Every structure is written in structure tokens, then in C-alpha cells.
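Read through the structure below, which is laid out as C-alpha cells, and then see the notes.
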Amino acid sequence: MNEFTQSIYMNLAQIPKGRIISYGQLAKLAGYPNHSRHVGKTLAKLPKDTTLPWHRVVNSQGRISLSGDSFYKQKERLEKEGIAICENGKIMNFKQVIMQ
DNA sequence: CGTCTGACAATGA
DNA sequence: GTCATTGCCAGAC
């Protein structure tokens with residue numbers, strides 16, 4: 001667990017329910033701009049039973065970057081928080097739920 | 001040490 | 001709107 005990872009977790013934990021954030025924004029908030037890719041890598045290592053809201057992280061185009069089972073898992077979790085998502089992973093009310 | 005990879009982002013066609 | 005290209009950086013090999 002390094003400083004980068006720690007900071008990512010800290011900021012991610014503060015994303016309110018019903019809101020989402022992009023990988024780039026999260027990295028930036030954590031104080032590491034240009035580390036968007038590493039954010040995804042870090043989240044991928046999280047245990048299944050983590051309490052962190054990893055599902056509130058999407059790419060800058062407002063769509064889910066996952067595929068297969070993980071995709072549906074994230075989709076369902078988000079819809080449970082009131083965020084509508086298309087079958088193709090596109091977030092409907094993206095502009096309303098994305099962090100600004 | 002050189003290369004490749006990835007839950008990405010910004011830009012342009 | 002979508003797709004391709006380029007830049008990015010830490011880890012794996």
C-alpha cells in the first residue's frame with residue numbers, strides 16, 4: 001500500500017451516493033494528475049468485499065470501462081443508487097451525476 | 001534495462 | 001454520435 005493508493009482510497013470513499021467520478025478526476029483529486037490508468041489498475045486489485053464505492057468510477061466519456069460480469073455488477077450497483085445506464089454501458093443522466 | 005500492458009484522457013477526423 | 005491516435009505512468013516480465 002503506497003501513498004498513491006492510499007490517497008485514491010481516501011478520495012473515493014468521499015464520493016457521495018448517487019454521484020460518480022471519472023478515473024482522471026479521481027487521480028487528480030488524489031494529487032496525481034495523469035495517473036488515470038493507474039487508478040483503474042489499483043481498483044482492479046480491490047477485494048470483492050471492499051467497502052469502497054469503486055462502482056462510482058467511470059471513464060471520462062460517461063461510460064463503464066468494464067466488460068463481462070464486472071460490467072453488469074457495476075451497472076446494477078449504480079442503478080441501485082438511482083443512476084440509469086444503457087445496455088452498452090452509457091450513463092443516461094451523466095451530466096447530472098458526474099462530479100464537477 | 002527495454003517492452004508491453006492496462007477498469008484512462010484529450011484530441012481530431 | 002463513434003473510432004483512431006497519441007500521451008501518460010507504474011508494474012509485470
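What you see below is based on every heavy atom in this structure, not just the backbone, and it leaves out hydrogens, waters and symmetry mates. Below, chains carry the letters A, B, ... as their sequence lines are ordered, and counting in each starts from 1. Please read these numbers as outputs of a predicted model, since none were measured by experiment.
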(message) In whole Å, I'd like the distance from the NE2 atom of A/His38 to the C1' atom of C/dA10.
(response) 5 Å

(request) Under a 3.5 Å limit for both distances, which nucleotide forms a Watson-Crick or G-U wobble pair with B/dA7, could you say? (result) none

(message) Partner lookup for B/dG12, please. Criteria are Watson-Crick or G-U wobble with both distances under 3.5 angstrom; report none if nothing qualifies.
(response) C/dC3

(request) Would you mind reading off the distance between A/Lys90 atom NZ and B/dA7 atom C1', rounded to a whole angstrom? (result) 17 Å

(message) Is the ring pair A/Phe4/A/Tyr32 parallel, tilted or perpendicular, if the boundaries are 30 and 60 degrees?
(response) perpendicular

(request) For C/dG11, take OP1 and OP2 only and decide whether either is under 4.0 Å from a side-chain N or O of A/Asn2. (result) yes

(request) Find out whether A/Gln100 and A/Lys95 are in side-chain contact, i.e. whether some heavy atom of one side chain is under 4.5 Å from a heavy atom of the other. (result) no

(message) Whole angstroms only, please: what is the CG-P distance between A/Asn34 and B/dT11?
(response) 13 Å

(request) Ignoring backbone atoms, test whether A/Ser36 places a side-chain nitrogen or oxygen under 4.0 Å from the OP1 or OP2 oxygen of C/dC8. (result) no

(request) Would you confirm whether A/Arg56, through its side chain, and A/Ile21, through its main-chain N or O, come within 3.5 Å as a donor-acceptor pair? (result) no

(message) Distance check needed: B/dC8 P versus A/Phe4 CZ, whole Å only.
(response) 13 Å

(message) From the set B/dA7, B/dA9, C/dT2, return the single nucleotide nearest to any side-chain atom of A/Ala44.
(response) B/dA7

(request) Figure out the NZ/C1' separation between A/Lys28 and B/dA10, and round it to whole Å. (result) 12 Å

(message) Between B/dC1 and C/dC13, how far apart are the two C1' atoms, rounded to whole Å?
(response) 12 Å

(message) Both A/Lys45 and A/Asn88 contact DNA chain C. Which one's nearest nucleotide lies toward the 5' end?
(response) A/Asn88

(request) Go through C/dA10, B/dA7, C/dT2 for me and flag the one nearest to the A/Lys41 side chain. (result) C/dA10

(message) Pair A/Glu81, A/Arg19 - check salt bridge (charged side-chain N to carboxylate O under 4.0 Å, His left out), show working.
(response) CA-CA 8 Å; A/Glu81 297 189 352; A/Arg19 291 310 258 331; over 6 Å; no

(request) In whole angstrom, give the distance that lies between atom CZ of A/Arg56 and atom P of B/dA7. (result) 22 Å

(request) Test for a donor-acceptor pair under 3.5 Å between the base of C/dG11 and the side chain of A/Arg37, counting only N and O atoms. (result) no

(message) Treating A/Thr42 as the side-chain partner and A/His38 as the backbone partner, does any N or O pair qualify as donor plus acceptor under 3.5 Å?
(response) yes

(request) To the nearest Å, give me how far apart CG (A/Leu78) and P (B/dA7) are. (result) 18 Å

(message) Please tell me if A/Ser65 has a side-chain N or O lying less than 4.0 Å from either OP1 or OP2 of B/dC8.
(response) yes

(message) Please confirm whether the shortest side-chain N or O distance from A/Ser60 to OP1 or OP2 of B/dA9 is below 4.0 Å.
(response) yes

(request) Would you indicate which nucleotide in B/dA7, C/dA10, B/dC8 comes nearest to any side-chain atom of A/His35? (result) C/dA10

(message) Under 4.0 Å between a side-chain nitrogen and a carboxylate oxygen: does that hold for A/Lys80 and A/Glu76?
(response) no

(request) Measure the distance from CD1 on A/Ile64 to P on B/dC8 and round it to the nearest whole Å. (result) 12 Å

(request) Give A/Ser22 one of three labels, base, sugar-phosphate or nothing, depending on what nucleic acid heavy atoms sit under 4.0 Å from its own. (result) sugar-phosphate

